[in-house]
Amino acid sequence: MDWMDQLRQRMQDDEVVQVSIDGQIFTIERQGGMMSFTNPFGRREQFDSPEGVVNAMQSWYENPVIVVL
């Protein structure tokens with residue numbers, strides 16, 4: 001199972017998930033049908049599905065080291 005599958009599963013199962021992207025901790029919160037992705041500096045992006053979060057992460061970062069915590 002790769003990081004994308006792990007992240008999708010955790011976002012389905014848990015209300016709060018943390019991931020490490022290149023050593024920085026990001027938080028993903030599920031609130032109703034929406035997903036909030038917050039960076040270490042407090043910037044928050046809203047998504048309507050786990051797939052939206054995964055797609056954004058793939059487009060934002062080039063060759064990142066991603067670990068689902």
Side-chain angles (χ1 to χ4, degrees):
M1 184 180 300
D2 63 12
W3 71 266
M4 292 176 287
D5 292 332
Q6 289 176 342
L7 183 57
R8 285 183 194 105
Q9 184 63 48
R10 289 283 307 279
M11 286 189 290
Q12 294 287 335
D13 295 343
D14 300 328
E15 290 186 24
V16 177
V17 177
Q18 289 190 315
V19 294
S20 171
I21 302 173
D22 292 336
Q24 294 186 351
I25 304 299
F26 295 76
T27 303
I28 302 166
E29 296 177 77
R30 180 170 39 99
Q31 299 170 337
M34 298 296 292
M35 311 296 290
S36 296
F37 180 87
T38 307
N39 73 15
F41 305 105
R43 180 175 176 184
R44 180 174 280 190
E45 300 284 340
Q46 297 284 336
F47 298 94
D48 60 357
S49 69
E51 196 62 36
V53 175
V54 171
N55 289 341
M57 290 172 66
Q58 287 178 308
S59 69
W60 290 339
Y61 302 99
E62 187 174 321
N63 301 316
V65 175
I66 297 176
V67 178
V68 179
L69 304 174

S.K.: Return the CZ to CG distance between Arg30 and Asp13, rounded to the nearest 0.5 Å.
M.R.: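 The CG atom of Asp13 is 8.0 Å from CZ of Arg30, to the nearest 0.5 Å.
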S.K.: Under 4.5 Å between any side-chain heavy atoms of Val19 and Met57, yes or no?
M.R.: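 Val19 reaches Met57 side chain to side chain.
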S.K.: Do Leu7 and Ile66 make a side-chain contact, defined as non-hydrogen atoms from C-beta onward lying under 4.5 Å apart?
M.R.: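 They are not in contact (no side-chain heavy atoms under 4.5 Å apart), so the answer is no.
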S.K.: Which other residues belong to the hydrophobic cluster containing Met34, where Ile, Leu, Val, Met, Phe, Trp and Tyr are joined when side-chain heavy atoms lie under 4.5 Å apart, directly or via other members?
M.R.: none
S.K.: How long is the span from the CD atom in Gln9 to the CD atom in Gln12, to the nearest 0.5 Å?
M.R.: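 Going from CD on Gln9 over to CD on Gln12, the span is 7.0 Å.
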S.K.: Specify the closest pair of heavy atoms between Val53 and Met35, including all atoms of both residues, with the distance to one decimal.
M.R.: CG2-CB, 3.8 Å
S.K.: Restricting to pairs with a member in residues 17-39, which pass ring pair (Phe, Tyr, Trp, His ring centres under 6.0 Å), not counting sequence neighbours?
M.R.: Phe26-Phe37, Phe37-Trp60
S.K.: Counting N and O atoms only, with roles assigned by atom type, does the side chain of Arg8 sit under 3.5 Å from a partner on the main chain of Glu51, one being a donor and the other an acceptor?
M.R.: no
S.K.: Are any of the side-chain heavy atoms of Asn39 and Gln24 separated by less than 4.5 Å?
M.R.: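 The answer is no, as the side chains (C-beta and beyond) never meet within the 4.5 Å cut-off.
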S.K.: Can you sort out the partners of Ser36 under side chain to side chain donor-acceptor pair (under 3.5 Å), two or more places apart, ordered by chain and number?
M.R.: Gln46
S.K.: Return yes when atom CD of Glu15 has more than 12 non-hydrogen atoms of other residues, nucleotides or ligands closer than 6.0 Å, and no otherwise.
M.R.: no
S.K.: Locate the shortest heavy-atom distance separating Asp22 from Pro64; write the atom from each residue and the value.
M.R.: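 Closest pair (atom of Asp22, atom of Pro64, distance): OD1-CA, 3.5 Å.
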S.K.: Rounded to the nearest 0.5 Å, how far does CG of Asp14 lie from CD1 of Ile28?
M.R.: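 Rounded to the nearest 0.5 Å, the CD1-CG separation comes to 11.0 Å.
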S.K.: Could you identify which residues cluster with Phe41, counting Ile, Leu, Val, Met, Phe, Trp and Tyr as linked when any side-chain heavy atoms lie under 4.5 Å apart, either directly or through a chain of such contacts?
M.R.: none
S.K.: Do Val67 and Tyr61 belong to the same hydrophobic cluster, where Ile, Leu, Val, Met, Phe, Trp and Tyr are linked whenever their side-chain heavy atoms lie under 4.5 Å apart, directly or via other members?
M.R.: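 Looking at the clustering, Tyr61 is in a separate group from Val67.
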S.K.: For Arg10 and Gln18, indicate whether the former's side chain and the latter's backbone hold a donor-acceptor pair under 3.5 Å.
M.R.: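 Checked: no pair found.
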S.K.: Side chain to side chain donor-acceptor pair (under 3.5 Å) with Arg43: which residues, sequence neighbours excluded?
M.R.: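 Arg43: side chain to side chain donor-acceptor pair (under 3.5 Å) contacts with Glu45.
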S.K.: Applying side chain to side chain donor-acceptor pair (under 3.5 Å), name anything that partners Asn55, two or more places apart in sequence or on another chain.
M.R.: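 So Asn55 forms no side chain to side chain donor-acceptor pair (under 3.5 Å) with any residue.
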